[in-house]
Amino acid sequence: MRIGLPLIIRLIVFLLLVTFLVMPQWFAPLLQPLTENGGPPVYVQSSLLSLTISHLTVVFAATVAATIVAVGLAILVTRESGREFLPLSRSLVNIGQTFPPVAVLALTVPMLGFGEWPTLIALFLYGLLPIFENTLTGLTTLPVSVMEAARGTGMTGWQRLTKVELPLAFPLILGGIRLSIVISLATATIGSTVAARTLGEVIIAGLQSNNLAFILQGGVVVAALAVLIYDTLLFAERVVARRSGLNRAA
Amino acid sequence: MRLDLRRIDRVGVVVALIAAYGLVAPFALFRANRIVQGEGRSLLSALPPSLGMVLMALVIVGIVLALLRLPILVRLVTSFVVLAGLAIAIGGAATFLTPAGNTYARVSPGSGFWMLGAAFALLATDSLARMRPTAWLRIAFLAATAAAITLILTSDLWSGLSLMKEYVSRADTFWMEAGRHLTLASGSLAVAALIGIPLGIFCHRAARIRSVILNLLNVVQTIPSIALFGILIGPLSWVAATVPGAADLGIRGIGMAPAFVALFLYSLLPMVANTVGGLASVPRDANDAARGVGMTDRQRLVQVELPLAFPVILTGIRIVLVQNIGLATIAALIGGGGFGVFVFQGLGQTAMDLVLLGAVPTVALAFAAAVILDAVVELTAPANATNRTAPTAGKEATA
């Protein structure tokens with residue numbers, strides 16, 4: 001997936017997004033034509049900025065958890081002692097992505113109740129696959145010469161992992177995290193069907209009151225966030241990849 | 001006899017821990033009616049004493065066998081036998097716990113049942129993954145599982161369970177929504193394939209347009225599904241109102257039409273991207289050879305490029321189908337029908353059995369689709385295919 005935008009457009013999108021979140025009323029005349037029967041053009045039940053922050057918090061928390069588990073699992077199954085878990089881990093992570101997020105929400109609500117937790121679980125499960133697969137690729141495709149050199153200088157297994165393997169695999173791991181975040185940003189909106197505080201709340205309010213202005217502002221804010229975060233992470237990845245000096249087509 | 005730690009299977013340890021918790025957690029939940037909180041019943045009190053003891057013994061034997069390093073086939077059979085025992089026992093628990101003649105009482109599986117099920121499903125997954133079954137064998141396993149479940153459902157074994165009672169009172173709507181769900185998921189896939197594959201071929205040939213189209217489709221993927229459903233309501237009601245005959249075709253602002261179009265738009269990226277990727281991975285030699293024997297561009301495309309790119313294109317279809325089966329649940333929010341109807345109705349009434357009636361078939365469909373299409377991809381891929389890059393690279397779903 002590649003979303004390449006010239007820097008100037010990204011800056012404009014970012015500025016527009018921030019302005020809209022802080023001062024949504026300024027955009028009211030623009031959104032007014034989209035409403036019917038004098039409906040409100042801007043969502044006011046809750047501040048858009050605070051919804052955005054809580055949306056990002058849920059996505060961030062789920063991604064951090066998915067990263068810890070997926071990277072940990074990938075490290076485990078690439079060690080001699082954990083090789084036994086490789087087939088199982090692969091299957092489980094794949095199952096996590098096959099499980100529809102709405103079904104995860106539906107099945108976890110009885111255990112966890114309404115609110116943020118079912119959404120966190122759904123995003124966590126859905127986000128594991130890209131991070132796990134990328135980390136696994138990163139750790140298993142290291143040049144043999146590098147690994148032999150590390151062993152030759154008498155590094156212990158732990159030193160090899162932290163000083164050689166992980167730094168070299170880092171750009172790929174970051175790539176997995178990027179994919180996971182972009183998926184989660186959009187998926188988080190359905191969490192609002194089980195009362196999670198995300199931007200989905202605005203969209204659902206729009207669907208219920210037949211207000212296109214609400215649907216559009218919720219959707220566009222999420223899409224703009226996704227594009228901007230994706231671009232930023234892609235940039236970070238390239239910087240890191242250049243530093244690691246290992247030329248590998250991701 | 002001394003216990004040799006090297007003889008212990010590590011995955012088995014995980015299975016044993018989960019199963020041990022499952023043995024002490026409540027096996028079934030009893031509720032006086034559909035809405036109230038359930039009270040847990042342990043394995044031995046949820047079943048007739050004899051059946052309870054048999055199941056207990058079966059699970060313990062299963063745990064011991066899982067812990068030992070036995071041949072994979074033994075582990076697989078063990079997991080299947082215990083899972084079958086659990087399936088029979090939960091039906092028995094429902095009959096045992098429901099007072100005779102009481103139509104309000106509900107019995108549903110408790111956390112103990114789910115944990116035991118998860119533990120041995122884990123063992124089955126691990127055994128299957130280690131066996132590396134061929135594509136045909138995987139399909140055979142899936143068919144056998146489906147047959148076993150159908151057998152249980154058509155017998156009266158589970159009829160005492162609350163989920164089945166929920167189904168019986170909605171049997172007609174259930175199959176109607178099932179039909180809509182499948183129409184939405186597979187219909188939008190079919191249209192996306194019809195348009196996406198030619199578009200992919202076109203993109204492969206025209207490099208400049210390729211990045212524009214792929215960028216555009218990528219941006220579509222970042223729009224949350226519920227928003228895209230909503231955004232399409234307006235344009236489609238306009239089409240229905242102004243284009244003659246459109247309304248007769250069933251095109252309306254709310255309902256299936258916007259859901260269908262939204263699913264189609266999400267499906268386009270994997271279709272186009274995988275077609276482009278598949279065509280790009282065709283070896284240069286193959287193209288040169290085809291040109292050498294004097295094939296026209298069209299012949300080369302049909303006889304050389306498309307057959308070689310086919311497995312990658314098929315991977316795109318797999319991604320789209322699994323993704324669409326999940327996304328079609330959301331169509332219920334805009335009146336588009338599908339299994340989501342039960343999920344969202346159930347969430348609204350906090351009737352969890354109703355939620356399950358929608359969620360369980362959705363998950364089952366998604367899994368079946370994934371297993372079947374993965375097998376088909378493997379069957380079509382040439383045995384020496386080394387450049388299978390697309391599967392993970394393309395798995396970027398949105399919900």
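Chain naming here is simple, since letters A, B, ... match the order of the sequence lines and numbering starts at 1 in each.
Judged as a ring pair (Phe, Tyr, Trp, His ring centres under 6.0 Å), not a single pair has a partner in residues 173-203 of chain A (not counting sequence neighbours). Sequence neighbours left out, the pairs with a member in residues 85-101 of chain A that pass salt bridge (Lys or Arg N to Asp or Glu O under 4.0 Å) are R90(A)-E133(A).
Of the atoms belonging to L207(A), it is side-chain heavy atoms, and not backbone ones, that fall under 4.5 Å from chain B. In this structure, the portion of L92(A) lying under 4.5 Å from any heavy atom of chain B is its side chain and not its backbone. Neither the backbone nor the side chain of V220(A) comes within less than 4.5 Å of any heavy atom of chain B. Of the atoms belonging to S184(A), not a single heavy atom falls under 4.5 Å from chain B. For F114(A), the part lying under 4.5 angstrom from a heavy atom of chain B is the side chain only. Heavy-atom distances place no part of L216(B) under 4.5 Å from chain A, backbone and side chain included.
When all heavy atoms are compared, the tightest approach of G219(A) to A227(B) is CA-CB, 3.6 Å. Heavy-atom minimum distance, E84(A) versus D9(B): OE2-OD2, 3.4 Å. Across all non-hydrogen atoms, the minimal contact from R130(B) to P87(A) is CG-CG, 3.9 Å.
Within the 4.5 Å cutoff, side-chain heavy atoms of T125(B) are placed close to those of I95(A).
The contact list for residues 360-367 of chain B toward chain A, using heavy atoms and a distance under 4.5 Å, reads T362(B), V363(B), A366(B), F367(B) by residue number. Against chain A, the residues from residues 339-348 of chain B that qualify, each with a non-hydrogen atom under 4.5 angstrom away, are V343(B), F344(B), L347(B) in number order.
Here the rule is side-chain contact (heavy atoms from CB on, under 4.5 Å) with L88(A), and of V14(B), L122(B), L123(B) only L122(B) fits it.
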